[in-house]
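Have a look at the structure below, then the notes.
Residue numbers start from 1 in every chain, and the chains themselves are labelled A, B, ... in the order their sequence lines are given, proteins ahead of strands. Scope of the values below: all heavy atoms of this structure, side chains included, with no hydrogens, waters or symmetry mates.
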2 protein chains.
Amino acid sequence: MAPQAYYSIHPKFHAAVDCIIFGFEEGELSLLLLQRDFEPAKGQWSLMGGFVEEGESLDDAARRVVAELTGLRDLYMRQVHTYGDPGRDPGERVLSTAYYALVDIKKYDHELVKAHNAHWVKLNEIPHLIFDHDRMVQDALRFMRYQAGVKPVGINLLPEEFTLTQLQTLYEAIQGEAIDKRNFRKRIAAMDYIEKTGRIDKTSSRKGAALYRFNQDKYDGNFKI
Amino acid sequence: MAPQAYYSIHPKFHAAVDCIIFGFEEGELSLLLLQRDFEPAKGQWSLMGGFVEEGESLDDAARRVVAELTGLRDLYMRQVHTYGDPGRDPGERVLSTAYYALVDIKKYDHELVKAHNAHWVKLNEIPHLIFDHDRMVQDALRFMRYQAGVKPVGINLLPEEFTLTQLQTLYEAIQGEAIDKRNFRKRIAAMDYIEKTGRIDKTSSRKGAALYRFNQDKYDGNFKI
DNA sequence: ATTATAAAGTGTAAATGCAACACTTTTCTG
DNA sequence: CAGAAAAGTGTTGCATTTACACTTTATAAT
């Protein structure tokens with residue numbers, strides 16, 4: 001039996017990635033969703049997705065797809081799950097791998113987003129999405145929440161410098177419940193990898209709030225030895 | 001543009017599942033691994049895997065593949081991750097989704113396992129595996145450990161009735177560290193869904209140890225209001 | 001029959017971590 | 001200069017977790 005025969009008796013499938021793109025604004029989490037002006041499912045809402053190309057890894061495909069919509073590279077992205085039920089895409093059979101991405105909502109490319117007819121939609125205002133995208137969003141949200149409870153991934157949703165109030169509001173949005181300010185600041189103070197920059201943000205209060213930044217090196221250092 | 005054209009300009013890929021099959025014996029976790037007497041990579045060690053067929057979901061493919069090797073159905077299985085780097089399979093490009101399965105090591109079909117040249121290998125004696133299967137095992141182990149810390153999935157590795165010593169030894173194997181007996185039993189006592197059967201196991205002690213069983217209904221009930 | 005053995009089974013006290021809680025400071029605006 | 005609006009700051013009680021050692025029971029050996 002020729003070496004290739006081992007593979008060729010088996011079917012092949014389209015492979016896609018679908019991206020759950022999280023942003024944070026006005027104290028709430030939002031997703032960047034497409035109001036599709038293209039087939040299939042034209043007119044309906046969906047996640048941003050795309051097919052995996054030859055020679056492209058799944059991770060690369062997900063990064064490309066997010067960059068096509070937002071113009072942003074080097075985002076924090078994680079694979080969530082792969083959805084493979086026959087019939088999940090009513091057109092042809094497609095295996096789709098969901099990724100979530102965290103973006104600083106101040107930074108995306110507005111032109112690209114407009115060109116794709118995409119919109120930031122607050123978490124509790126999300127419309128029904130096509131195919132199994134609703135479930136993808138649920139799974140991604142659960143996974144992102146879990147990860148945010150374990151490591152400081154949420155910081156990817158904020159600008160490089162942020163106030164403690166912003167950070168707290170973010171974590172309240174992620175967890176979906178209020179956090180005590182003093183307990184929160186105590187916890188942050190114990191994280192030496194969240195450090196004061198010395199700069200002051202005057203945009204949101206008269207008194208001004210200290211700006212902080214995430215120090216990746218110090219964070220990595222906590223796990224050595 | 002014909003509806004199909006949307007899909008057909010994109011490449012298709014082989015889709016496989018690879019299964020990390022956990023068992024528990026002699027106080028240690030083991031994996032059921034193949035010593036391959038077939039191509040590709042004949043002679044090397046690998047996970048049990050198989051291609052996804054037409055009309056078959058990923059979950060179904062994983063269940064089928066595990067059943068082909070063990071004869072067991074209705075196992076506790078969870079998707080871990082999908083591996084899609086080009087070149088991860090040196091033959092042709094294959095996207096592979098890893099699943100872990102938990103089996104009661106007393107119950108598998110010895111004939112089938114022998115026919116596949118598969119062997120139970122203790123976790124700390126696992127040889128190098130082909131392709132990216134080493135990484136799959138690491139990812140599956142981490143995920144299984146996490147899940148075992150959150151819900152009582154480990155019970156799927158034990159017979160239906162088990163002693164508290166067996167259960168403790170299992171959790172020590174999963175966590176990789178010793179647990180205090182009195183604290184462990186206190187915690188179990190607080191779980192009303194782990195209940196005494198009234199039967200006694202005399203095989204491992206002169207005194208005899210009470211047998212317990214997992215009550216799925218009571219467990220589910222704990223989450224209703 | 002007695003004793004030795006081997007695992008099962010059992011409670012308390014200290015320490016740590018987590019949650020609850022309210023007022024002062026600062027600066028700008030009117 | 002008075003008021004507003006957000007930033008910033010410690011302590012105490014409660015709950016959870018950890019540390020820790022002896023008794024009980026049935027069988028096997030003598």
Legend entry - Given A:Glu28, A:Glu26, A:Glu25, the one that forms side-chain hydrogen bond (donor to acceptor under 3.5 Å, both in side chains) with A:Lys122: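 Passing option: A:Glu26.
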
Legend entry - A:Lys218/A:Asp192 ion pair, N-O < 4.0 Å: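 A:Asp192 and A:Lys218: not salt-bridged.
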
Hey, does [X] reach any base, or is it just sugar-phosphate, or nothing, if we go heavy atoms under 4.0 Å?
X	result
A:Lys202	sugar-phosphate
B:Thr165	sugar-phosphate
A:Ser204	sugar-phosphate

Legend entry - Below 4.0 Å: OP1/OP2 of C:dA6 and any side-chain N or O of B:Arg206: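 False: B:Arg206 side-chain N/O out of range (4.0 Å or more) of C:dA6 OP1/OP2.
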
Legend entry - Below 4.0 Å: OP1/OP2 of D:dG8 and any side-chain N or O of A:Arg185: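 It does, given that an N or O in the side chain of A:Arg185 lies less than 4.0 Å from OP1 or OP2 of D:dG8.
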
Legend entry - A:Leu29 vs A:Met144 side-chain heavy atoms within contact, under 4.5 Å: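 Yes, their side chains come closer than 4.5 Å.
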
Legend entry - Pairwise side-chain contact, B:Ile194 with B:Leu167, heavy-atom cut-off 4.5 Å (strictly under):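 Yes. Closest side-chain heavy atoms under 4.5 Å.
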
With no angle test and no hydrogens, is the base of [N] tied to the side chain of [X] by a donor-acceptor pair under 3.5 Å?
X	N	result
A:Asn183	C:dC18	no
A:Lys181	D:dG8	yes
A:Lys207	D:dA7	yes
B:Lys186	D:dT17	no

